[in-house]
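This structure is a prediction, so every number in the text was calculated from the model and none was measured. Values reported hereafter were calculated over all heavy atoms of this structure, with side chains retained and with hydrogens, waters and symmetry mates removed. The residues of the chain are indexed from 1 along the displayed sequence.
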Amino acid sequence: MNVKVNATDKGVEVILETNAKSEQLQVTPKTEGNSYIANILNAQLRLATGDAFRQEKPATGIAEVIVSNVDANQYLCQFTRVQRL
């Protein structure tokens, strides 16, 4: 799996690239403080470069993007803004 973060005119987009054929991912979104978190259920993150992906300052106003495993059946994408949402 590859993770790509692209700046857009509205912020950032995260693209999760995989070779596996699978069903549509089940996403549970939530907001905590300055962070938007998307929990992806019934899936596991397997990166060639380690256990997590992190990119600092991918776009204006975005402090960081993190993609990491929560447990064996769930991973998350977290976007942290510089200012409170």
Side-chain angles (χ1 to χ4, degrees):
M1 174 179 275
N2 287 323
V3 179
K4 291 185 178 181
V5 178
N6 299 321
T8 69
D9 58 341
K10 296 181 181 180
V12 295
E13 67 179 358
V14 174
I15 300 170
L16 305 171
E17 295 179 334
T18 179
N19 292 332
K21 293 181 182 180
S22 62
E23 297 177 21
Q24 184 173 354
L25 297 174
Q26 182 179 359
V27 179
T28 304
K30 68 179 177 177
T31 302
E32 288 183 3
N34 293 358
S35 296
Y36 172 81
I37 301 166
N39 283 305
I40 295 92
L41 306 173
N42 301 318
Q44 186 175 31
L45 181 67
R46 293 183 183 157
L47 299 172
T49 58
D51 295 332
F53 171 89
R54 182 173 185 240
Q55 184 172 341
E56 294 182 355
K57 300 178 182 176
T60 302
I62 306 296
E64 68 181 349
V65 173
I66 299 172
V67 181
S68 63
N69 281 312
V70 174
D71 57 36
N73 295 312
Q74 176 179 210
Y75 66 94
L76 65 81
C77 294
Q78 178 173 335
F79 305 83
T80 303
R81 292 178 52 116
V82 174
Q83 298 178 355
R84 189 169 177 83
L85 292 173

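Not a single donor-acceptor pair under 3.5 Å links the side chain of Ser35 to the backbone N or O of Ile37.
Using a 4.5 Å heavy-atom cutoff, the side chains of Leu25 and Tyr75 are in contact. Annotation: side chain of Phe53 is not in contact with side chain of Val14 (no heavy-atom distance under 4.5 Å). Counting only heavy atoms from C-beta outward, the side chains of Lys57 and Ile62 never approach each other to under 4.5 Å.
The cluster map of Ile, Leu, Val, Met, Phe, Trp and Tyr, joined by side-chain heavy atoms under 4.5 Å apart, puts Val27 and Leu16 in the same cluster. Connection of Tyr36 to Val67 is established within a shared hydrophobic cluster, with ILVMFWY side chains joined at heavy-atom distances below 4.5 Å, either directly or through further cluster members.
In this structure, Gln26 CD and Leu41 CG are separated by 4.5 Å, a value rounded to the nearest 0.5 Å. Taken from OG1 in Thr80 to CD in Gln78, the straight-line distance is 4.0 Å, to the nearest 0.5 Å. Between atom OG1 of residue Thr60 and atom CG of residue Asp9 there is a gap of 12.0 Å, rounded to the nearest 0.5 Å. Considering CD of Gln55 and CZ of Phe79, their distance stands at 11.0 Å, rounded to 0.5 Å.
Minimum interatomic distance between Ile40 and Cys77 (heavy atoms only, all atoms of both residues): CD1-SG, 3.9 Å. Of all heavy-atom pairs spanning Asp51 and Leu45, the tightest one is O-CD2, 4.0 Å. Closest heavy-atom contact between Leu47 and Ala52: CD1-C, 3.5 Å. Taking each heavy atom of Ala63 and Val82 in turn, the nearest pair found is N-CG2, 3.9 Å.
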